[in-house]
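Just below is one structure, and these are the notes that go with it.
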Amino acid sequence: MIEELPLTQWQGPFDAAVKARALEALESGSVLYFPQLPFRLLESETEFLDARVADGKAKNISLDHTTGKMQASSLTGERAVRLAALMERFGSSAATLVNDLLPYQNVERARTSFRPVQVKGRSYSKISDDRLLHIDAFPTRPMHGRRILRFFANVAPSSPRHWHVGQPFEEFARRFLPQVGPHLPGKSWLYEKLGVTRGKRSLYDELMLSLHDAGKLDSDFQSNSQHQNVIFAPGSCWLVFTDQVLHAALGGEFALEQTFHLDVAQMREPARAPIRVLERLSGKALA
Ligand SMILES: [Fe+2]
């Protein structure tokens, strides 16, 4: 489930054998782990390793690199500008690495996030508690089958980031598909009209959200399904298709994350995409 890669630089060219190994591991549902690839903060940026830089309402501070707009930070003025610059530097480094390591064209760089609050000890409803095993599905941004690829860096000086990584996607889908749905035909239309979603959810989006919720709400699944303990050391990075790999973040503070979106057709083996697996299992076109 974890494929360790010995990268020490953010930019290619990378060895052909390493690139082949990265692609195979990623598409088959492993986490690519880069233990020797620290994302370094400037001395002046270490002041941002403080939970109070978040506004206390949202889980994460986010940056839209197309507009430069940062959300959910308590910072203002010059300090806000410097935090946004740090997040931008991380996001563009992550984009360079993804583009140089993987053969995909047209990878869309989406939001960048900074997660400055210790994961342990926060309280959430079950549905929004990412300490429970889940696959990522966006409630407000319909994906129509497009992939969610995420690059993370643990920038904490000494705390590891602790995850559980769960069973393969198809096993998870086989377990929960019989309990989800049917989906009300008017709901996705109404959500779009009301502005709950940006664009209309496809059947795929509805199914993925239902699977996300069903898994989190099933305490037998949470306690007893097969999973691996993973420790991401301070100064390490990792890359994973979070719409495919069951994951739970149990502990850690100060992580940076860059999200990418990608068309299924870009994959070397599109049949491994969640949409193709769900279409095969349900016998229906989903987007
Ligand atoms: Fe997640």
Side-chain angles (χ1 to χ4, degrees), residues 1-2 26 29-33 54 58-63 71-72 90-91 94 98 109-143 145-156 160-169 171-173 176 180 204-218 221-222 225-232 236-262 273-275 277-278:
M1 288 178 184
I2 306 299
L26 197 64
S30 289
V31 177
L32 293 188
Y33 181 40
K59 272 190 266 193
N60 307 321
I61 297 170
S62 73
L63 178 76
Q71 283 181 313
F90 167 74
V98 161
R109 184 179 154 198
R111 275 175 188 275
T112 315
S113 70
F114 178 42
R115 305 164 178 222
V117 183
Q118 172 56 251
V119 172
K120 267 181 226 163
R122 294 192 302 203
S123 64
Y124 293 115
S125 72
K126 274 195 175 181
I127 297 295
S128 53
D129 189 348
D130 289 341
R131 293 169 301 186
L132 298 170
L133 280 169
H134 67 283
I135 42 148
D136 286 349
F138 299 140
T140 58
R141 191 192 200 289
M143 295 298 283
R146 297 188 86 210
R147 306 300 315 272
I148 305 172
L149 179 64
R150 287 185 149 161
F151 186 90
F152 297 85
N154 183 357
V155 292
R161 202 153 184 95
H162 178 198
W163 274 26
H164 283 167
V165 174
Q167 63 187 188
F169 180 81
E171 277 177 41
F172 167 71
F176 287 101
V180 302
Y204 169 75
D205 296 294
E206 297 287 358
L207 260 186
M208 289 292 277
L209 286 162
S210 299
L211 290 171
H212 166 276
D213 294 358
K216 279 187 173 173
L217 293 171
D218 186 324
F221 171 73
Q222 291 297 329
S225 71
Q226 156 216 340
H227 62 261
Q228 184 179 342
N229 245 321
V230 185
I231 297 294
F232 300 109
S236 70
C237 293
W238 60 104
L239 177 65
V240 53
F241 277 118
T242 55
D243 55 356
Q244 172 180 5
V245 175
L246 278 152
H247 59 286
L250 285 101
E253 54 184 350
F254 311 131
L256 284 159
E257 174 270 337
Q258 174 61 53
T259 301
F260 300 95
H261 301 153
L262 152 94
I275 188 166
V277 173
L278 295 174

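In listed order, ligands and their atoms are each counted from 1.
Using cut-offs of 30° and 60° for the angle between ring planes, the Phe232 and Trp238 rings count as parallel. Note on ring orientation: taking the six-membered ring where Trp is involved, the planes of Phe114 and Phe254 are parallel (angle under 30°, cut-offs 30° and 60°). Ring orientation note: the planes of Phe172 and Phe176 are tilted relative to one another, at an angle of 30° to 60°.
Ala214 and Val180 get closest at one heavy-atom pair: CB-CG1, 4.0 Å.
Residues His134 and His247 bring their aromatic ring centres within 6.0 Å.
For Lys216 and Asp130, the salt-bridge test passes: some basic side-chain N is under 4.0 Å from an acidic carboxylate O.
Each protein N/O/S atom under 2.8 Å from the Fe ion (ligand 1) was counted, for a total of 3.
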